[in-house]
Structure formats: C-alpha cells, structure tokens
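Beneath this line is the structure, given in structure tokens, with notes to follow.
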Amino acid sequence: MRIAVLGVGGIGSTFAAQLAGAGHDVTVIARNRRLEQVSRDGGIRTPDGVVATTVAGGLPNDVDFDLILVTVLAHQVTPLLPRLTASRGRTVMFMFNTFDSLSTLRDAVGDRFAFGFPAIAAQIDADGVLRASIQSRGVLTTVTDAKWAEVFTAAGIPAVTTSDMESWLRSHAAFAAPFMITVAEAHRAQRGISWSRARELAAAKDEAFALVRELGNEIIPAMHAVVGKVPTILTAGLLWAPSRVPAARASGAAGEAEPRALIAAMVAAANGDLPALGRV
C-alpha cells in the first residue's frame with residue numbers, strides 16, 4: 001500500500017513506523033521542528049532504531065495514495081481541507097478526538113471519507129525519538145473501514161470497526177475530557193488534585209454523558225457505557241487517586257488544549273447550558 005501520514009506527532013509517527021515496518025510505502029508529512037527531525041533521520045526514530053520512510057513538507061496532489069491518514073488535532077484540520085479535497089488519495093481517514101459532527105469532513109472528501117480513533121499513548125521526546133504504547137486490550141483503535149482495520153491490525157495496531165463513529169467519539173469525549181483535565185492539572189502542579197476538584201470534574205463527566213444521550217447518540221463501546229453509569233462520588237475517587245500516581249501525571253504533559261476544545265464543543269452543542277462543564 002502507498003500511504004501518506006499527515007501530522008507526525010506521537011500518533012502519526014506510531015502509525016507511520018508500524019505501517020512502514022510492515023512493508024508499506026509510507027510518506028510522512030511534517031512541519032517545522034518535526035520536519036527537521038524526520039528529514040535528519042530519514043524516517044521515524046524509535047528506541048530500536050530508525051524506520052525508514054519518505055519525508056515531505058507538504059501533501060503532494062499528484063500521487064495516488066491508497067490512504068491519507070490525517071492525525072493532526074481537530075482544530076488544525078480546517079486549513080488542510082482544500083488540499084485534502086484536491087488530493088488523489090483513494091481513502092482519506094481522519095483520526096483525532098472530536099465532539100463535532102463529522103459532516104464537514106465527509107463533505108470535503110466525499111465517498112473517500114473514513115474516520116478512526118487511535119488507542120495509542122505516544123510522544124516524541126526532545127531528541128525526536130518516538131515513545132509509544134499501543135493498546136492491545138480493552139478499547140482498541142476503532143475505525144469506520146474494515147479494510148483498514150485489517151491493515152492496521154496486520155501492522156501491529158489492533159483495530160476494530162464501528163458503524164456509528166459519531167456516537168463512539170462523543171462517548172469517548174465525555175469520558176476522556178475530565179480525565180485529561182485531571183492529569184494535566186496534576187502534571188502542572190506536580191501533585192494530586194484536591195477532593196473538591198475531583199468532585200467538580202466527576203460532575204462534569206455526568207453532565208457530558210447526559211448531553212451525548214440528549215443529542216441522540218448511543219453510548220458506545222461497552223466500556224464507555226459502564227463509565228457513564230458510575231456514580232459521581234465513585235468517579236471522583238477514580239480521578240482523585242490516579243492524579244497522585246507519577247506515571248499518570250506524566251500523561252498530562254500534553255496540556256489542556258485538547259480537552260478544553262472538546263469541552264468547548266460540548267458547551268456549544270448544548271447552547272451553553274452545561275453549568276458543571278462550564279466550571280471546569
């Protein structure tokens with residue numbers, strides 16, 4: 001397969017390394033410092049060495065890619081849509097956290113549209129080395145296209161499919177945003193959050209799940225449905241305790257921009273009537 005990965009932070013770099021390592025022809029498209037790193041290395045540098053890829057500073061519109069995998073953050077995708085529309089990628093798969101409707105992305109690329117969510121924890125260290133952990137149990141990388149689920153699985157990224165990606169993503173956002181805020185605040189302070197703060201974030205989780213249901217979405221997959229039913233006081237404990245674990249706090253190094261964007265989208269979807277999320 002000829003594959004382009006647009007956005008080679010931790011997630012994109014993991015896909016690029018795994019797919020190239022499985023024998024696919026991978027082009028990574030990066031900018032700024034990350035472009036310098038992958039150009040210097042000739043691909044994705046991992047603790048085990050460099051996985052060679054083609055490197056580019058922009059998406060070529062004259063290449064018949066089998067897949068263009070877009071792994072930028074949600075707020076970064078809009079400027080890319082004209083280039084993706086003009087591209088010759090046979091499938092354009094967006095892969096990031098979002099609470100918004102997927103219709104704008106689908107309209108931009110037509111029947112080439114696919115979406116996915118990566119069950120991967122990854123970061124690029126100061127030397128440009130990818131540090132990644134790929135989830136192989138519980139909630140797996142989830143995509144809308146069975147063909148690409150098979151390709152990812154064969155490349156060492158276990159993947160499953162869903163026919164209702166919008167419900168999946170909104171359920172995940174309701175689950176993930178309070179936790180991401182928790183670890184980001186704990187990382188910044190280098191200590192656990194207070195019990196009162198844990199209760200505020202737990203109330204925000206309850207409000208977020210209620211919103212997903214009000215919008216007519218199903219709570220999926222099963223793990224999200226279980227989390228959505230956990231009592232507020234127990235959720236508070238499940239946030240408070242991990243914030244005291246250094247390894248969990250370290251996952252908050254990415255900061256609050258992504259969960260804040262998710263919460264802003266929830267508030268907008270509810271016309272501002274979300275007091276608990278508004279306090280977060």
Side-chain angles (χ1 to χ4, degrees), residues 1-44 50-98 100-118 120 122 130 141-157 159-163 165-166 169:
M1 299 280 187
R2 178 172 281 186
I3 299 169
V5 179
L6 180 52
V8 280
I11 301 301
S13 294
T14 302
F15 273 94
Q18 293 295 127
L19 290 164
H24 298 290
D25 180 356
V26 176
T27 297
V28 297
I29 297 153
R31 297 177 57 194
N32 304 324
R33 184 183 181 194
R34 189 62 179 141
L35 176 59
E36 294 176 4
Q37 290 173 338
V38 293
S39 296
R40 174 200 69 202
D41 295 333
I44 306 300
V50 173
V51 181
T53 69
T54 301
V55 179
L59 177 65
N61 60 8
D62 59 349
V63 178
D64 294 320
F65 289 110
D66 294 291
L67 173 69
I68 299 174
L69 185 61
V70 184
T71 61
V72 300
L73 296 178
H75 70 272
Q76 298 171 322
V77 77
T78 299
L80 302 176
L81 292 181
R83 175 68 71 170
L84 292 168
T85 300
S87 74
R88 288 165 54 177
R90 296 185 178 94
T91 298
V92 179
M93 181 180 289
F94 301 91
M95 187 168 283
F96 44 74
N97 253 331
T98 185
D100 293 326
S101 168
L102 304 182
S103 58
T104 299
L105 305 177
R106 186 179 290 108
D107 291 345
V109 299
D111 60 8
R112 300 179 296 159
F113 171 84
F115 206 99
F117 183 86
I120 295 169
L130 169 67
T141 293
T142 302
V143 299
T144 55
D145 189 314
K147 168 188 173 180
W148 290 106
E150 292 177 6
V151 171
F152 295 157
T153 299
I157 302 175
V160 296
T161 61
T162 180
S163 60
M165 198 73 212
E166 189 167 283
L169 288 164

Interatomic spacing from CG in Leu80 to CG in Leu6 - rounded to 0.5 Å
5.5 Å
Can you give me the closest heavy-atom contact between Arg83 and Asn61, atom names plus distance?
NH1-ND2, 3.7 Å
Measuring only between side-chain heavy atoms, which start at C-beta, is Val70 closer than 4.5 Å to Phe94?
yes
Side-chain touch Met95/Phe15, heavy atoms, less than 4.5 angstrom
yes
Before you tell me yes or no, could you show the steps for Val5 and Val26 under side chain to side chain contact (heavy atoms under 4.5 Å, CB included), namely the whole-Å CA-CA distance, both residues' side-chain angles and the distance that decides it to 0.1 Å?
CA-CA 7 Å; Val5 179; Val26 176; 4.2 Å; yes
Ser87 vs Ile68 side-chain heavy atoms within contact, under 4.5 Å:
yes
Looking at Leu84, Thr91, Asp107, Leu105, which one forms a side chain to side chain contact (heavy atoms under 4.5 Å, CB included) with Phe113?
Leu105
Applying the side chain to side chain contact (heavy atoms under 4.5 Å, CB included) criterion to Trp148, which one of Leu69, Leu67, Thr153 satisfies it?
Leu67
Looking at Ile3, is its backbone amide N or carbonyl O close enough to the side chain of Asp66 to form a donor-acceptor pair, meaning the two atoms are under 3.5 Å apart?
no
How many angstroms lie between OG1 in Thr14 and CD1 in Ile44, if you round to the nearest 0.5 Å?
8.5 Å
Has Asp111 got more than 12 heavy atoms of other residues, nucleotides or ligands less than 6.0 Å from its CG?
no
Kindly say whether Ala4 contributes a backbone atom to a donor-acceptor pair with the side chain of Thr27 at under 3.5 angstrom?
no
As an exercise, state the distance from CD of Gln76 to OG1 of Thr71, rounded to the nearest 0.5 Å.
9.5 Å
Please determine, by modelled atom types, if Gln37 and Arg34 share a side-chain donor-acceptor pair under 3.5 angstrom.
yes
Could you tell me which non-hydrogen atom of Val55 sits nearest to which non-hydrogen atom of Ser39, and how far apart they are?
CG1-OG, 3.5 Å
Check for a donor-acceptor pair, side chain of Arg106 on one end and backbone N or O of Ser101 on the other, with a separation under 3.5 Å.
no
What's the shortest heavy-atom distance between Ala20 and Thr53, and which atoms?
CB-CG2, 4.0 Å
Shortest non-hydrogen contact from Ile29 to Gly57?
CG2-C, 4.2 Å
Under 4.5 Å between any side-chain heavy atoms of Leu130 and Val51, yes or no?
no
Measuring only between side-chain heavy atoms, which start at C-beta, is Met165 closer than 4.5 Å to Phe117?
yes
Looking at every heavy atom in both Val38 and Ala30, which two are closest together, and how far apart are they?
CG2-CB, 4.2 Å
Is there a side-chain contact between Asp62 and Arg88 in this structure, where contact means two heavy atoms from C-beta onward sitting under 4.5 Å apart?
yes
Determine whether a donor-acceptor pair (N or O, by modelled atom type, separation under 3.5 Å) exists between the side chain of Ser13 and the backbone of Val8.
yes
Minimal heavy-atom distance between Leu102 and Phe115, with the atoms involved, is CD2-CE1, 3.8 Å
